Amino acid sequence: MNYRFEYAQKSEMSILLPKLYEILYSNMSLIAPTGNSYEKDFEIWYSNVYPAMMNTPREIVLMYDENAIIGYFQYYVNGGVFMMDEIQIKQEYQGAGVFSSFYSWLVQRLPAAIQSVEAFTSKQNQKSQGILEHLGLDQVGENKNGSCYHYKGDYKKLHDKYI
């Protein structure tokens, strides 16, 4: 497959975010159901993600197969820390090489001064926990309300895995 990756333009967030939420919802509604309607969950998600994306350091990378968006990755770099916020890939593309192709593309574009990588994942999402461990991160704690695990690792290990 010939996947391509592009940084989303901040000026297009109001158009892109509903499309990205469809991917998120299709992946997460079975793993971590909220009990809310699609519309209510979207409203909560959008009200948090849209303002966060307007902050300069936050980025979303769009993943494409041809001209169709098949996934996205949200992150930011703060000093020497690479913070992975969210990665979502359509179910039919999971296990098809998108993830590895994406990380090989991404590590070539991140600042050289990064020292560590961090992420949080729902305690219910064992697949995500396995992915973070595969990337070389270790579970180091929880978030403030105890719903997510906090992972941290050496960025050099992740970089060298995909360079």
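Positions are given from 1 along the sequence. Computed over heavy atoms, backbone and side chain alike; hydrogens, waters and symmetry mates excluded. Worth saying up front: this structure is predicted, and the values here are computed from it rather than measured.
Using a 4.5 Å heavy-atom cutoff, the side chains of Ser29 and Tyr38 are not in contact. Using a 4.5 Å heavy-atom threshold, the side chains of Val81 and Glu118 count as touching. Side-chain contact between Tyr72 and Met63 is absent, with no heavy atoms from C-beta onward closer than 4.5 Å. Side-chain contact between Val77 and Leu110 is present, with at least one heavy-atom pair separated by less than 4.5 Å. At least one side-chain heavy atom of Glu133 sits less than 4.5 Å from a side-chain heavy atom of Tyr151. At a threshold of 4.5 Å between non-hydrogen side-chain atoms, the residues Val49 and Met13 do not count as touching. At least one side-chain heavy atom of Ile70 sits less than 4.5 Å from a side-chain heavy atom of Val98. The side-chain heavy atoms of Val107 and Asp160, taken from C-beta on, include no pair separated by under 4.5 Å.
In this structure, Val140 is not a member of the same hydrophobic cluster as Phe82, with clusters built from ILVMFWY side-chain heavy atoms closer than 4.5 Å. Taken together through direct or relayed side-chain contacts under 4.5 Å among Ile, Leu, Val, Met, Phe, Trp and Tyr, Leu24 and Ile44 form parts of separate hydrophobic clusters. The hydrophobic cluster containing Met54 does not contain Ile15, counting ILVMFWY residues as joined when their side-chain heavy atoms lie under 4.5 angstrom apart, directly or transitively.
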Take Leu132 and Gln129, measure what side chain to side chain contact (heavy atoms under 4.5 Å, CB included) needs, and give me the verdict at the end. CA-CA 5 Å; Leu132 293 173; Gln129 294 165 31; 5.9 Å; no
Go through the steps to decide whether Asp41 and Ser37 satisfy the test side chain to side chain donor-acceptor pair (under 3.5 Å), and finish with yes or no. CA-CA 6 Å; Asp41 279 344; Ser37 68; over 6 Å; no
Test side chain to side chain contact (heavy atoms under 4.5 Å, CB included) on Arg109 and Tyr7; report intermediate values, then the result. CA-CA 11 Å; Arg109 286 157 180 81; Tyr7 283 96; 3.9 Å; yes
Worked verdict on Arg58 versus Gln74 for side chain to side chain contact (heavy atoms under 4.5 Å, CB included): CA-CA 7 Å; Arg58 292 195 185 266; Gln74 182 180 330; 4.2 Å; yes
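Between the Lys19 side chain and the Ile69 main chain, no donor and acceptor come within less than 3.5 Å of each other. Put simply, the side chain of Ser26 gets close to the backbone of Ile23: a donor and an acceptor are under 3.5 Å apart. No side-chain donor-acceptor contact under 3.5 Å links Ser100 to the backbone of Gly97. Proximity of a side-chain donor or acceptor of Asp65 to a complementary backbone N or O of Tyr3 within less than 3.5 Å is not detected. Checking side-chain atoms of Ser104 against main-chain N and O of Tyr162 turns up a donor-acceptor pair under 3.5 Å. Under a 3.5 Å cut-off, the side chain of Glu12 and the backbone N or O of Ala8 do not form any donor-acceptor pair.
Checking Glu92 against Gln94 by side-chain atom types alone, no donor-acceptor pair falls below 3.5 Å. Checked by atom type, the side-chain pair His150/Gln139 shows no donor-acceptor distance below 3.5 Å. There is a side-chain donor-acceptor pair under 3.5 Å between Arg4 and Asn67. Side-chain contact, Asp85 with Tyr76: no donor N or O sits under 3.5 Å from an acceptor N or O.
Using the six-membered ring where Trp is involved, Phe73 and Tyr75 have ring planes that are parallel, under 30° apart on the 30 and 60° scheme. Note: Tyr25 and Tyr21 have tilted aromatic rings, judged against thresholds of 30 and 60 degrees for the angle between ring planes.
Lys156 NZ: 12 or fewer foreign heavy atoms inside a 6.0 Å radius. No more than 12 heavy atoms of other residues, nucleotides or ligands sit less than 6.0 Å from atom NZ of Lys157. In Asn48, the CG atom is crowded: over 12 heavy atoms of neighbouring residues, nucleotides or ligands sit closer than 6.0 Å. More than 12 non-hydrogen atoms from other residues, nucleotides or ligands lie less than 6.0 angstrom from NZ of Lys161. Within 6.0 Å of CD in Gln91 there are more than 12 heavy atoms belonging to other residues, nucleotides or ligands. Within a 6.0 Å radius of CD in Glu6, other residues, nucleotides and ligands contribute more than 12 heavy atoms.
Here Trp105 and Phe99 keep their ring centres 6.0 angstrom or further from each other.
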